[in-house]
Amino acid sequence: MEKPLNGKCPCRTQSWYIVLISFLIWFSLFYLYSSSMTFGKMGDSFLGNNRTGFVGSSESSIHDVVKDETGNASYVNDVKIEDNVGKAIYETENDRKPIKFYIDRDIDWLIASLMADDNETETFETISGKILEEEFRNSSKRRGRIKPVEAVAAATTIPKKVEQVVPQPRTQNVVKPQEPKPQNIVKPEPYPSPCLGRYIFVHDIPRKFNQDLLDNCQSLSSWTDMCESALNLGLGPTLPSNEKLYSKTGWFSTNQFLLEVIFHNRMKQYQCLTNDPMVASAIYVPYYAGLDVGRYLWDPIGYRRDHDAMELVKWLAGRPEWKKMWGRDHFLVAGRINWDFRRDLKNVSDWGNGLLSYPESKNMTMLIIESSPWNNNDFTIPYPTYFHPSRDDDVFQWQNRMRELKRRFLFSFAVSRKRCRFLECDQTQSCYKPESLMKLLQSSIFCLQPPGDSYTRRSIFDSILAGCVPVFFHPGSPYVQYLWHFPKDYTKYSALIPASARAKRDEVIKLIPNVIYADPASRLQTIEDAFNLTVKGVLDRVETMRNQMKDGKEVNSEFPEQESWKYFTFGKLGGYEWDPFFSSKLGKRGT
């Protein structure tokens with residue numbers, strides 16, 4: 001056959017059209033399949049069934065439609081498609097173009113390749129592979145992420161994993177980073193409550209046992225204006241400014257018998273109160289026992305002294321909270337010495353009432369300003385002083401002031417006028433004037449504290465507040481009392497050898513926070529005052545009894561009751577040098 005003039009065979013042109021048509025069909029099917037674009041049925045796509053993301057749409061991209069496991073199309077804003085080996089093909093919207101763009105451009109490129117002389121020996125598969133490789137090479141250049149070979153492998157596989165990205169607000173020319181998919185996040189266990197084991201439930205007792213007593217304050221005493229003493233939440237009237245004796249704030253003319261009111265108001269500031277008695281570690285009874293009995297101590301009609309106390313005990317025993325531990329988790333404050341509440345029930349005419357002697361009361365913890373060394377249900381807490389700070393700094397500043405104070409006298413309450421000073425408690429009532437007392441105590445190194453009507457006296461705490469080392473004449477005065485507030489080593493803070501006065505004074509000053517009751521209208525941050533130490537002691541005692549009951553043991557059976565002072569002070573029984581001091585009970589009112 002004669003060759004054509006142009007050197008090309010006429011049949012070659014027909015082959016081009018066959019290849020071109022075959023490629024168009026194959027390429028369309030390939031793109032539709034590889035992009036997972038499915039709209040009900042594949043045939044709908046070719047018939048022009050328009051939906052969001054249909055082939056040829058100028059608004060939707062290849063990434064807008066993702067086929068789920070059931071074959072249905074789901075529409076997302078941003079997806080990341082990964083191949084079988086986890087390599088990303090498309091990642092951001094900026095890389096997207098309409099499918100029609102790729103088809104139109106690649107057809108032109110294919111025709112140009114087939115017409116070239118240097119492609120005479122290339123097969124259809126080779127040419128189509130180059131088309132795909134060239135496309136992904138260009139895409140890689142734009143993004144700098146996908147290598148051409150990896151792109152070809154990715155394009156010829158079915159997407160395996162589709163990870164949806166949380167939609168982000170779009171900003172022009174800004175690509176938002178994808179947020180990581182949450183993994184199995186395990187929430188940490190909440191921290192234990194700081195009140196665990198410290199919750200206190202406050203009984204809502206009838207008003208006649210507390211508030212009514214204050215409302216009728218004029219009947220509380222025949223010698224003292226208790227209405228004035230009840231001011232400022234029980235702290236009394238504010239003392240006049242005297243910077244030589246007091247700090248600027250926190251000083252009140254406090255009556256020692258208002259301790260119950262002060263304690264009750266401090267309890268209202270307690271951080272671990274609860275309305276659920278079942279979760280409470282202890283139950284507080286806000287009965288003003290001292291104010292109640294104080295009205296009738298000199299009354300010849302004995303039953304009046306016991307009436308309200310007996311009625312309260314019966315009320316408590318009838319409550320469901322009582323049956324939890326039969327009252328062993330209950331406690332109350334009685335702002336007088338124990339002898340005012342420990343009358344022999346068989347002797348109606350004897351002194352005081354029988355609050356501490358009732359069978360129900362023996363299960364409770366009684367907090368009083370002086371306890372009995374021979375009984376185990378009453379515990380001593382400090383007398384109230386004149387100082388009631390509202391801030392930690394008030395305490396620190398006062399302690400520093402007492403350390404730096406120059407003291408002119410060695411002893412107070414002695415008879416020598418050269419080195420000692422004596423404050424006479426005559427008809428002028430000097431002992432009851434805060435300015436006279438504090439002036440005396442601040443000028444002395446040692447302050448003598450002999451027993452009076454009973455073992456203890458308020459001036460013990462006033463002397464500590466003034467940084468004056470207390471000197472005792474009976475171990476029953478402090479050493480077997482105030483176990484929650486004073487160090488067990490009593491030689492650190494009380495005088496035995498005058499040569500060690502400086503060291504003892506420092507120890508005494510350290511005790512100041514332990515013997516003060518903070519202002520109930522505020523709350524100290526880091527300092528534990530007498531209230532805090534008392535509550536801690538009550539909780540420890542209740543927990544000990546609770547454990548004994550759980551173990552089936554008899555409560556307080558490990559020691560005879562008459563040797564309570566020895567067990568509570570030293571933690572064990574046996575012979576001690578103080579035994580002669582407690583061989584017989586101190587008579588009522590010090591007799």
Side-chain angles (χ1 to χ4, degrees), residues 195-203 259-260 263-264 266-267 270 272-274 277-287 289 313 316-317 321-335 337-338 341-342 355-382 478-488 514 517 528-573:
C195 290
L196 188 64
R198 300 173 55 212
Y199 284 112
I200 290 180
F201 174 77
V202 179
H203 251 310
L259 176 58
E260 301 148 348
F263 196 95
H264 186 194
R266 284 286 282 111
M267 182 62 73
Y270 184 60
C272 297
L273 296 178
T274 177
M278 298 307 295
V279 303
S281 297
I283 296 177
Y284 169 56
V285 182
Y287 170 43
V313 169
L316 292 172
E321 296 86 0
W322 184 268
K323 297 177 178 60
K324 180 181 176 182
M325 291 182 64
W326 302 107
R328 290 186 175 89
D329 54 352
H330 287 49
F331 70 100
L332 62 80
V333 177
I337 64 173
N338 78 96
F341 308 102
R342 198 175 288 281
L355 177 61
L356 298 181
S357 301
Y358 302 145
E360 296 86 354
S361 300
K362 290 184 177 181
N363 286 350
M364 299 173 62
T365 298
M366 302 293 185
L367 306 176
I368 53 182
I369 57 178
E370 180 183 305
S371 66
S372 166
W374 304 280
N375 298 98
N376 58 19
N377 66 325
D378 50 334
F379 289 80
T380 320
I381 61 177
Y479 303 147
V480 299
Q481 314 274 348
Y482 316 109
L483 302 178
W484 299 335
H485 305 82
F486 287 170
K488 288 187 176 181
N514 297 17
Y517 294 91
E528 290 187 320
D529 67 346
F531 170 85
N532 296 124
L533 296 176
T534 299
V535 170
K536 183 183 296 185
V538 169
L539 293 172
D540 291 343
R541 170 173 163 78
V542 171
E543 184 64 21
T544 298
M545 293 189 293
R546 181 180 288 114
N547 292 333
Q548 290 176 336
M549 294 175 66
K550 287 181 180 179
D551 296 339
K553 298 179 180 178
E554 183 179 352
V555 176
N556 292 330
S557 61
E558 61 270 33
F559 59 91
E561 185 174 9
Q562 63 271 20
E563 294 193 354
S564 297
W565 68 270
K566 190 178 300 185
Y567 184 83
F568 289 144
T569 304
F570 302 107
K572 59 183 179 179
L573 305 179

Check whether any side-chain N or O of [X] sits under 3.5 Å from a backbone N or O of [Y] as a donor-acceptor pair, and report yes or no.
| X | Y | result |
| --- | --- | --- |
| Asp329 | Val542 | no |
| Asp529 | Phe531 | yes |
| Thr544 | Asp540 | yes |
| Tyr287 | Glu260 | no |
| Asn556 | Glu561 | no |

Test side chain to side chain contact (heavy atoms under 4.5 Å, CB included) on Asn547 and Lys553 and set out the steps.
-> CA-CA 9 Å; Asn547 292 333; Lys553 298 179 180 178; over 6 Å; no
Working for side chain to side chain contact (heavy atoms under 4.5 Å, CB included), residues Asn532 and Arg266 = CA-CA 9 Å; Asn532 296 124; Arg266 284 286 282 111; 3.7 Å; yes
Euclidean distance, [Y] [atom2] relative to [X] [atom1], rounded to 0.5 Å:
| X | Y | atom1 | atom2 | value |
| --- | --- | --- | --- | --- |
| Met545 | Thr365 | CE | OG1 | 4.0 Å |
| His330 | Glu360 | NE2 | CD | 11.5 Å |
| Phe341 | Tyr358 | CZ | OH | 11.0 Å |
| Glu543 | Ser281 | CD | OG | 7.0 Å |
| Ile283 | Glu321 | CD1 | CD | 5.5 Å |
| Gln481 | Trp565 | CD | CH2 | 12.0 Å |

Residue pair [X] / [Y], side-chain heavy-atom distance below 4.5 Å:
| X | Y | value |
| --- | --- | --- |
| Val313 | Leu355 | yes |
| Val333 | Thr534 | no |
| Phe559 | Lys566 | no |
| Phe486 | Thr380 | no |
| Asn514 | Pro382 | no |
| Arg342 | Ser372 | yes |

Shortest non-hydrogen separation from [X] to [Y] and the atoms involved:
| X | Y | result |
| --- | --- | --- |
| Glu528 | Lys536 | OE2-NZ, 3.0 Å |
| Ala334 | Ala289 | CB-CB, 3.9 Å |
| Val279 | Tyr199 | O-CB, 3.8 Å |
| Leu356 | Asn338 | CD1-O, 3.9 Å |
| Asn376 | Arg541 | O-NH2, 3.2 Å |
| Leu539 | Ala282 | CD2-CB, 3.7 Å |

Steps toward side chain to side chain contact (heavy atoms under 4.5 Å, CB included) verdict (Ile337, Ile369) | CA-CA 5 Å; Ile337 64 173; Ile369 57 178; 4.1 Å; yes
Count the heavy atoms belonging to other residues, nucleotides or ligands that lie under 6.0 Å from NZ of Lys323, then report whether that count exceeds 12.
->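 Counting other residues, nucleotides and ligands, NZ of Lys323 exceeds 12 neighbours.
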Any chance you could lay out the side chain to side chain contact (heavy atoms under 4.5 Å, CB included) test for Arg546 and Arg328, step after step, and finish with the verdict?
-> CA-CA 8 Å; Arg546 181 180 288 114; Arg328 290 186 175 89; over 6 Å; no
Is the distance between the ring centroids of Tyr284 and Phe331 less than 6.0 Å?
->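 They qualify: ring centres under 6.0 Å apart.
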